[in-house]
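All remarks here apply to the structure that follows.
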Amino acid sequence: MSNQVVEIFEDKCIECGLCVQACPANALTLEGGPVQVNADKCAANGECVEVCPTEALALDNEEDADDKVTEAKIKEELPTELQDYKGVWVFIEQVRNEVAPVSWELLGEGRRLAEDLGVELTGVVLGFDARDIAYEAISYGADKVYLIDDPVVKNYRTQPYTQAFIQLVEKYKPEIILLGATTVGRDLAGAVATKLETGLTADCTVLEVDHATRHLQQTRPAFGGNIMATILCKKHRPQMATVRPRVMEMPKRDNNRKGKIIEENIEFDESKIKTKVLKIIEEAKKAAYLDKADIIVAGGRGLGEEKNFKLIEDLVNILGGTVGASRAAVDAGWISVEHQVGQTGVTVRPKLYIAVGISGAIQHLVGMERSDTIVAINNDPEAPIFDVATYGVVGDLFKVLPALTEEFRKALG
Ligand SMILES: Cc1cc2nc3c(=O)[nH]c(=O)nc-3n(C[C@H](O)[C@H](O)[C@H](O)COP(=O)(O)OP(=O)(O)OC[C@H]3O[C@@H](n4cnc5c(N)ncnc54)[C@H](O)[C@@H]3O)c2cc1C
């Protein structure tokens with residue numbers, strides 16, 4: 001223990017008394033003059049320095065003071081049993097041993113957060129014959145992988161996945177867990193967070209950490225995308241977030257990276273698991289790959305009627321892309337919901353996004369604005385889609401689109 005006491009600059013003291021209230025050791029007094037410190041009581045933990053509006057108090061070593069304030073803050077906020085939770089985890093989601101790309105995107109993001117916090121990045125792989133996935137996770141940035149290789153977790157089921165995840169969390173105590181906002185990730189995150197009685201923010205689009213408090217700042221669009229909400233989980237651990245696919249950058253794969261694979265065994269009791277996987281039915285192919293497409297041509301209400309989606313398909317066929325749509329087009333019944341891009345649809349990040357007859361409502365933009373190149377075709381020069389467009393054509397889509405398709409046909413044969 002140091003016997004350092006807080007230093008007082010009497011000329012700066014305005015005798016407001018905030019420091020006296022803040023001091024947990026009752027070491028400060030105000031008796032008709034500038035604040036005085038009782039050296040026997042002062043623990044120099046910096047709360048007084050933090051609240052003083054005129055910088056009349058200081059600790060010798062400011063960094064030390066900051067650390068102490070932070071430590072004191074964390075201790076105040078977090079129950080003792082949660083204070084040693086450390087490290088960032090990413091759930092590596094697989095379906096038939098094929099990994100959801102969002103898991104790799106999250107390893108890229110997790111790497112950044114882990115480095116900011118000075119902790120390890122860990123992948124969590126649940127599956128059967130899944131060791132290769134664990135190696136792959138290391139190539140994408142994990143320092144360590146917890147692997148549960150068991151036929152019971154071959155296919156996703158809420159119960160055994162939740163049981164395994166919770167057992168790992170209780171044993172290894174991570175401070176942050178990231179999952180993809182996929183059907184599986186959303187289901188698992190909700191179940192795990194509820195059982196652990198911790199906080200979960202769904203559908204995040206931005207993640208940052210606050211160095212001092214180690215809080216994960218989880219930002220997500222709220223109220224139909226009209227505001228961005230930043231959410232903290234101050235009093236519980238782990239801090240859990242799901243993140244939409246294609247929002248974070250895909251990290252580079254490095255097959256020379258080294259890491260540790262730690263195999264864990266979980267005692268599953270199949271007779272207590274209420275669901276069985278009888279059959280897996282493939283989704284309609286085209287739509288299922290919307291979030292993986294490199295080229296998307298999307299149509300909106302400007303197309304006027306269902307049959308005009310043929311104009312979109314013509315261009316898609318020439319470019320080798322996928323058909324997207326606005327919610328207005330889906331709601332009108334012109335195309336199925338799997339094609340919907342946006343907040344309540346799919347988030348996409350293609351190399352090329354061509355928006356045809358789409359106004360660019362915020363709920364649509366949040367699903368496609370990170371595309372590398374955006375081309376907008378719209379007859380209204382004021383349409384907000386032009387705010388995010390790399391190239392814009394103001395004109396009647398019924399003239400522009402066939403002309404564009406024709407030019408591509410000539411160029412690409
Ligand atoms: C909670 C919530 C969630 C939502 N989620 C989504 C979502 O996930 N995805 C989504 O897309 N929307 C979503 N919406 C709806 C969104 O607010 C918009 O209503 C929708 O995106 C509008 O679709 P649109 O651009 O096709 O139609 P409109 O806004 O009607 O735009 C049609 C555009 O076509 C242009 N146009 C018309 N005729 C021509 C022509 N001949 N040539 C060229 N241009 C022409 C017009 O100038 C206009 O800009 C959501 C809304 C809410 C409230």
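In listed order, ligands and their atoms are each counted from 1. We count residues from 1, following the sequence as given.
- Using a 4.0 Å cut-off between charged side-chain N and carboxylate O, K351 and D372 make no salt bridge.
- When L365, N379, V400, L401 are checked for heavy-atom proximity to atom 45 (C) of ligand 1, N379 turns out nearest.
- Among G299, A329, S326, A332, the residue whose heavy atom lies nearest to atom 26 (O) of ligand 1 is S326.
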CA sep, side-chain torsions, deciding dist, call: E120, T122, side-chain hydrogen bond (donor to acceptor under 3.5 Å, both in side chains): CA-CA 6 Å; E120 281 189 324; T122 303; 4.9 Å; no

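- Among the atoms of G300, none of the N or O lies under 3.5 angstrom from an N or O of ligand 1.
- Atoms of ligand 1 lying under 4.0 Å from at least one heavy atom of Q343, given by number and element, are 7 (C), 8 (O).
- A 4.5 Å side-chain heavy-atom check between V119 and R214 finds at least one atom pair inside the cut-off.
- With respect to the salt-bridge test (charged N to carboxylate O, under 4.0 angstrom), the residues K310 and E313 do not qualify.
- In summary, K154 and D129 do not engage in a salt bridge, as defined by a charged side-chain N under 4.0 Å from a carboxylate O.
- Interface atoms of ligand 1 facing D396, defined by a heavy-atom separation under 4.0 Å, are 40 (C), 41 (N), 42 (N).
- Residue K235 places its NZ atom among 12 or fewer non-hydrogen atoms of other residues, nucleotides or ligands, all under 6.0 Å distant.
- Taking every non-hydrogen atom of G345 and a distance limit under 4.0 Å, the qualifying atoms of ligand 1 come out as 8 (O).
- Residue F398 approaches ligand 1 through these ligand atoms, each under 4.0 Å from one of its heavy atoms: 41 (N).
- At a heavy-atom distance under 4.0 Å, only backbone atoms of V341 (N, CA, C or O) approach ligand 1.
- Per-residue contacts place G342 under 4.0 angstrom from the following atoms of ligand 1 (heavy atoms of the residue considered): 7 (C), 8 (O), 9 (N).
- Electrostatic pairing of R349 and D291 does not count as a salt bridge here, judged by no charged N lying under 4.0 Å from a carboxylate O.
- Scored by the side chain to side chain donor-acceptor pair (under 3.5 Å) test, Q217 finds no partners at all (sequence neighbours excluded).
- Considering backbone and side-chain N/O of L397, one or more are found under 3.5 Å from N/O of ligand 1.
- Taking all heavy atoms of G360, A383, G357, P384 into account, the minimum distance to atom 32 (C) of ligand 1 is reached by G357.
- In this comparison of R301, H364, Q340, the heavy atom closest to atom 30 (O) of ligand 1 sits on R301.
- Salt-bridge check for R111 with E115: passed, with a basic side-chain N closer than 4.0 Å to an acidic carboxylate O.
- Inclusion of A325 in the set of residues having an N or O under 3.5 Å from an N or O of ligand 1 is not warranted.
- The ligand atoms of ligand 1 that sit less than 4.0 angstrom from a heavy atom of D380 are 47 (O).
- Listed by number with element, the atoms of ligand 1 under 4.0 angstrom from any heavy atom of G395 are 42 (N), 43 (C).
- The atoms of ligand 1 that sit less than 4.0 Å from any heavy atom of T344 are 3 (C), 4 (C), 5 (N), 6 (C), 7 (C), 8 (O).
- For R253, the side-chain contact (heavy atoms from CB on, under 4.5 Å) partners at least two apart in sequence or on another chain are E136, S139, Y140, N255.
- When each of D187, T201, L106, L179 is checked for a side-chain contact (heavy atoms from CB on, under 4.5 Å) with T242, only L179 meets the rule.
- Counting heavy atoms under 4.0 Å from ligand 1, residue A361 touches it through the side chain alone.
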